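Remember, predicted model here, so these are calculated numbers, not experimental data. Throughout, a chain's letter reflects where its sequence line sits, starting with A, and its residues are numbered from 1.
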Amino acid sequence: MTPKISLTGVGKTFPVRGGGEFTALSGIDLDVAEGEFLVVVGPSGCGKSTLLDLIGGLTRPTTGRIAIDGAEVTGPALDRAVVFQQYALFPWRTALRNVEFGLEAKGLRRRERAEIARDHLDLVGLSGFEDRYPHELSGGMKQRVAIARSLAYDPGVLLMDEPFAALDAQTRDSLQDELLGIWAKTGKTVVFITHGIDEAVYLGGRVAVLTSRPGRVKEVADIDLGSRDAREDVRSSPEFAAHRHRVWSLLKDEVQTAQRLTVPAPRKEAIHLG
Amino acid sequence: MAKYALRLIVLAYLAVLLIVPVGLIGWRTFEDGFGAFADALTTHSALHAFKVTLIVAGWAVVLNTLFGVLAALLLVRHRFPGKRLLSALIDLPLAVSPVVVGLALILVYGTFTPVGGWLEGRGIQIIFSTPGMVLATVFVCLPLVVRAIVPVLEELGDEQEQAARTLGAGGWQTFRRITLPGIRAALGYGIVLSLARALGEYGAVAVVSGRTVDQTQTLTLFVEERFENFDVHASYAAALALAAIAVVSLLATRLLRPKDGT
Ligand SMILES: Nc1ncnc2c1ncn2[C@@H]1O[C@H](COP(=O)(O)OP(=O)(O)O)[C@@H](O)[C@H]1O
Ligand SMILES: [Mg+2]
């Protein structure tokens with residue numbers, strides 16, 4: 001069976017001001033199966049966002065090939081959705097109209113759009129907030145709107161770039177659970193980027209650990225935490241601790257290397273992280 | 001005490017520079033009643049000057065808006081060699097005297113130059129006609145739209161545009177539905193500023209127009225020409241009309257300006 005997403009030998013270099021090149025990603029081989037929840041974890045600046053932009057079709061790889069269902073990615077398309085860390089909502093549109101945006105591009109009729117958008121706001125627990133503008137919503141609610149907007153046009157693949165990094169710990173925990181619920185309900189293929197080990201182990205069916213400078217896949221760890229619907233606290237189980245330690249060990253050296261290297265000018269988006 | 005002194009100084013300064021001169025023009029204009037004012041502005045030459053001003057300013061604003069948006073997008077959203085040079089070039093009209101601009105245009109498009117001669121052979125006259133005046137006005141207004149929207153585009157960032165692209169919007173759709181609403185207020189501000197500048201432009205237009213009464217005479221040129229010919233009344237009336245248009249544009253910019261607390 002062809003994988004849902006396949007990356008073969010993918011590399012990305014950026015031109016550096018004053019000549020020369022900067023290799024952000026190199027030789028990435030990665031397959032994601034249909035319906036899988038894959039988490040990519042790596043130190044800050046190792047190329048995670050770049051990787052997601054490539055799969056999303058927002059940039060083109062310098063080398064290698066990226067395919068969705070066997071067809072090469074040549075640009076953004078409605079078979080994939082991207083959820084950004086800073087929500088990227090449209091401020092002059094209400095929550096409902098934000099969710100409708102992708103449906104407009106699909107050419108759906110107004111009534112139908114509103115209905116689908118309402119359903120998806122309901123899915124992320126935001127019924128009753130349809131007419132709020134983004135500035136009237138909390139960070140967690142904004143990200144819920146963004147998730148609803150991404151799911152509304154029914155893409156097969158959901159790409160998420162540190163979507164919960166800007167949220168407080170409690171909001172993050174509850175959104176993680178909701179995301180797992182939505183994933184179980186919709187069966188989407190999810191690629192989830194994070195720099196948090198706990199988040200990676202909690203969410204991922206598999207966790208791909210990236211090296212830094214250039215970003216490569218160091219190892220892909222299988223995570224098995226058993227059934228989630230048991231009431232117990234998964235995060236304090238011994239299995240969780242074991243997986244956590246494994247990923248932590250894989251990451252430790254990378255974080256140190258990343259810190260030792262001088263940091264080139266960060267992207268705008270990275271500055272928001274503070 | 002110091003507070004009042006400061007107010008007094010500022011008020012006196014404004015009075016000397018602005019309030020007294022404009023007030024006097026107003027007073028002189030309406031000295032003989034409103035009828036005389038209306039008559040002075042509805043002579044054939046005055047009406048023609050109005051028309052020329054509107055045509056020239058209209059074209060200049062349209063061209064400047066299109067170019068300004070494109071240039072701002074290029075400067076903010078793209079990386080290319082020579083970007084800083086382009087940015088500096090756009091500010092050039094702020095530094096160069098409009099008279100120099102006019103002369104430069106004559107050097108390029110005048111009848112006895114290669115370009116001007118070639119165009120004239122095809123029946124297109126630039127200098128001493130409307131196209132030249134539009135060119136001159138576009139040049140002096142060049143930075144206004146660009147500089148109004150560049151900071152807003154930078155502040156907006158490209159995240160929303162990227163999001164729109166992932167949601168199936170093409171380049172034009174993204175511009176129309178995401179970028180344009182984001183810069184609308186700043187764009188409006190830039191357009192009104194350009195309009196005010198275009199209506200009031202004198203130096204560059206004076207050089208390239210040839211100042212032919214009833215042909216290439218704009219309202220500012222009309223003010224000056226009437227004054228020179230001792231028809232001060234028409235001159236004042238037209239000047240007041242120009243000032244009124246400027247004030248209305250300024251009020252419009254206040255309304256369009258993004259809320260900044262002032
Ligand atoms: N458009 C770009 N131009 C130049 N360098 C870039 C660009 N985008 C990212 N980079 C560089 O590539 C590296 C990886 O960036 P990114 O993918 O944002 O990392 P992460 O998301 O893992 O923090 C960083 O060092 C960054 O400075
Ligand atoms: Mg990132």
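In this structure, A:E136 places its CD atom where more than 12 heavy-atom neighbours from other residues, nucleotides or ligands lie under 6.0 Å away. For A:Y87, the OH atom sits in a packed shell: over 12 heavy atoms of surrounding residues, nucleotides or ligands are nearer than 6.0 Å. By the neighbour-count criterion of 12 heavy atoms within 6.0 Å, atom OH of B:Y13 is sparsely surrounded, having that number or fewer from other residues, nucleotides or ligands. Counting non-hydrogen atoms of other residues, nucleotides and ligands closer than 6.0 Å to NZ of B:K83 gives a total above 12.
Annotation: salt bridge (charged side-chain N to carboxylate O under 4.0 Å, His left out) contacts of B:R176 (sequence neighbours excluded): none.
Side-chain contact between A:L58 and B:R165 is present, with heavy atoms from C-beta onward closer than 4.5 Å. Side-chain atoms of A:Q86 and B:Q160, non-hydrogen and from C-beta on, never get closer than 4.5 Å to each other.
For residues 138-155 of chain A, every residue pair satisfying the salt bridge (charged side-chain N to carboxylate O under 4.0 Å, His left out) rule, not counting sequence neighbours, is listed here: A:R144-A:E178, A:D154-A:K188.
Listed here is the closest heavy atom pair of B:E159 and A:F84: OE2-CB, 4.0 Å.
Contacts of residues 64-77 of chain A with chain B at a heavy-atom distance below 4.5 Å involve A:P76, A:A77, listed in sequence order. Among residues 103-113 of chain A, the residues having any heavy atom closer than 4.5 Å to a heavy atom of chain B are, in sequence order, A:E104, A:A105.
Looking at B:R79, only its side chain comes within 4.5 Å of chain A, counting heavy atoms on both sides. Proximity to chain B involves both the backbone and the side chain of A:F101, based on heavy atoms less than 4.5 angstrom apart.
To the nearest 0.5 Å, atoms CD (B:Q162) and OG1 (A:T59) are separated by 8.0 Å.
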